[in-house]
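Lettering follows sequence order; numbering is per chain, from 1. Keep in mind that the numbers below use all heavy atoms, side chains included, and drop hydrogens, waters and symmetry copies.
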Protein chains: 2
Amino acid sequence: MPHRNQMPAPQPTLRRLPGYFRFLQTLAEAGETTVSCTSIAKALHLDPTGVRKDLAFTGIIGKPRVGYSLLELRDAISSFLGWDDIREAVLVGTGDFGRALLGYELFRERGVEIVAAFDVAPDLVGQKVRGKEVLALDALGDTIRTRQIPIGIITTPAAAAQGVADTMVEAGAKAIWNFAPAVLEVPEHIILEHVELVASLAVLSSKLAVRASAE
Amino acid sequence: MPHRNQMPAPQPTLRRLPGYFRFLQTLAEAGETTVSCTSIAKALHLDPTGVRKDLAFTGIIGKPRVGYSLLELRDAISSFLGWDDIREAVLVGTGDFGRALLGYELFRERGVEIVAAFDVAPDLVGQKVRGKEVLALDALGDTIRTRQIPIGIITTPAAAAQGVADTMVEAGAKAIWNFAPAVLEVPEHIILEHVELVASLAVLSSKLAVRASAE
């Protein structure tokens with residue numbers, strides 16, 4: 001567990017690290033071997049000082065005028081984010097978003113493997129969706145309990161999300177990754193990450209409005 | 001345009017405002033008429049002082065001991081985020097994520113209407129996907145140019161994303177909302193929002209790792 005001897009990073013840093021990883025991966029594929037804070041900052045439209053601070057959490061220090069060793073930095077980010085350990089997850093709701101997540105091959109490389117999918121639709125149960133068999137929602141609690149699965153992913157309609165979260169919590173899931181457009185109530189000890197799709201849209205729309213008023 | 005006389009809010013505030021809106025909407029549907037910073041902060045696992053600062057950008061001030069008028073605050077957030085104006089968007093890539101976004105009914109309520117979808121797959125072109133006709137990718141530039149569409153949404157595989165972005169920029173799109181797992185290069189004047197799905201996962205995994213090491 002690489003985290004044990006490392007400083008916990010603040011959330012904004014954690015959110016930016018996967019973007020750095022992706023950019024470094026692109027450079028590595030292009031044959032680059034070193035990279036500077038300035039070039040990372042420029043490519044990702046960030047402030048170079050902030051980038052330097054973020055990267056310091058990984059324990060890798062750049063050299064003056066040379067920058068970072070690209071592969072060393074890339075692997076340090078991966079290890080810092082815990083991508084070397086695979087954690088199991090279940091997914092509930094095999095609609096469009098559920099399918100998109102089930103088919104997203106990168107998750108395994110990012111330390112999460114979706115081992116089972118659940119739905120209530122009788123015509124889906126027993127079918128394979130994106131390579132995973134869909135189980136009946138009734139089996140959700142037992143699956144989490146028996147296999148000690150730590151992560152529950154919710155991609156149901158808003159109205160079903162709280163009930164699914166309750167089942168996950170009761171069965172012993174430790175973290176919930178919620179894509180349903182609903183505010184969930186979970187006990188304090190549960191890690192809850194809500195992906196608010198329109199949050200990013202709010203930033204984009206607001207910048208567009210500012211620009212429109214300046215023209 | 002409600003933005004013109006308002007302070008531009010920082011990005012973290014903009015990202016949190018849609019979550020406040022959703023929570024207020026839930027309270028309104030439950031018949032509540034007032035709300036306090038403390039209860040918003042508690043429900044969304046945020047700091048009350050931060051919530052107060054965020055909400056101040058909307059121009060609405062809470063009353064001591066009473067809190068905010070719920071509907072007034074909800075509508076002020078909506079208006080601040082520009083959801084009263086509808087902006088048109090095109091979407092390229094009708095795979096699982098593309099379909100999920102095409103079928104996401106909330107976008108229109110959040111100020112964005114997807115008016116056309118594009119794909120390269122011959123068997124999809126001409127078909128309807130989630131109620132929208134899919135056009136051939138060749139027609140993307142002309143559609144943006146002729147209809148002066150400001151927003152391009154990219155849900156293609158990583159390898160296709162830069163080419164699609166180039167076409168959007170050349171045709172006059174002002175903002176790009178990118179869901180493809182690729183770092184895009186766009187001119188400085190283009191607004192680029194990249195939705196990094198694993199960013200939220202990185203926060204969740206990191207918290208799980210911290211917890212595991214404490215157990």
Undergrad: Are the side chains of B/Arg130 and A/Asp96 in contact, using a 4.5 Å heavy-atom criterion?
TA: yes
Undergrad: Which of the residues A/Arg110, A/Arg16, A/Gln25 is involved in the greatest number of heavy-atom pairs with chain B at under 4.5 angstrom?
TA: A/Arg110
Undergrad: With a 4.5 Å cut-off on side-chain heavy atoms, are A/Lys207 and B/Gln11 touching?
TA: yes
Undergrad: Do the non-hydrogen side-chain atoms of B/Phe97 and A/Leu101 ever get within less than 4.5 Å of each other?
TA: yes
Undergrad: Of all heavy-atom pairs between B/Arg15 and A/Ser200, which one has the smallest distance, and what is that distance?
TA: NH1-CA, 3.7 Å
Undergrad: Might you point out which heavy atoms bring B/Val183 and A/Ala43 nearest each other, and give the distance in Å?
TA: CG1-O, 4.4 Å
Undergrad: Is there a side-chain contact between A/Arg22 and B/Glu196, using heavy atoms and a 4.5 Å cut-off?
TA: yes
Undergrad: Heavy-atom distance under 4.5 Å to chain B: side chain of A/Leu17, backbone, both or neither?
TA: neither
Undergrad: Is the closest side-chain heavy-atom distance between B/His194 and A/His45 below 4.5 Å?
TA: no
Undergrad: Specify the closest pair of heavy atoms between A/Leu208 and B/Ile191, including all atoms of both residues, with the distance to one decimal.
TA: N-CD1, 3.6 Å
Undergrad: Any side-chain heavy atom of B/Leu197 sitting closer than 4.5 Å to one from A/Phe179?
TA: yes
Undergrad: Tell me, side chain or backbone of A/Ala158 under 4.5 Å from chain B's heavy atoms, or both, or neither?
TA: neither
Undergrad: State, yes or no, whether a side-chain contact exists between B/Trp83 and A/Ser205 at a heavy-atom distance under 4.5 Å.
TA: no
Undergrad: Quick check: closest heavy atoms across A/Leu201 and B/Phe107, and the distance to 0.1 Å?
TA: CD2-CD2, 3.8 Å
Undergrad: So B/Ser206 and A/Leu81, do their side chains get closer than 4.5 Å, heavy atoms only?
TA: no
Undergrad: Which bit of B/Ile153 comes within less than 4.5 Å of chain A, counting heavy atoms only: side chain, backbone, both or neither?
TA: neither
Undergrad: Among the options B/Leu14, B/Thr155, B/Leu184, B/Thr26, pick out the one with the most heavy-atom pairs lying under 4.5 Å from chain A.
TA: B/Leu14
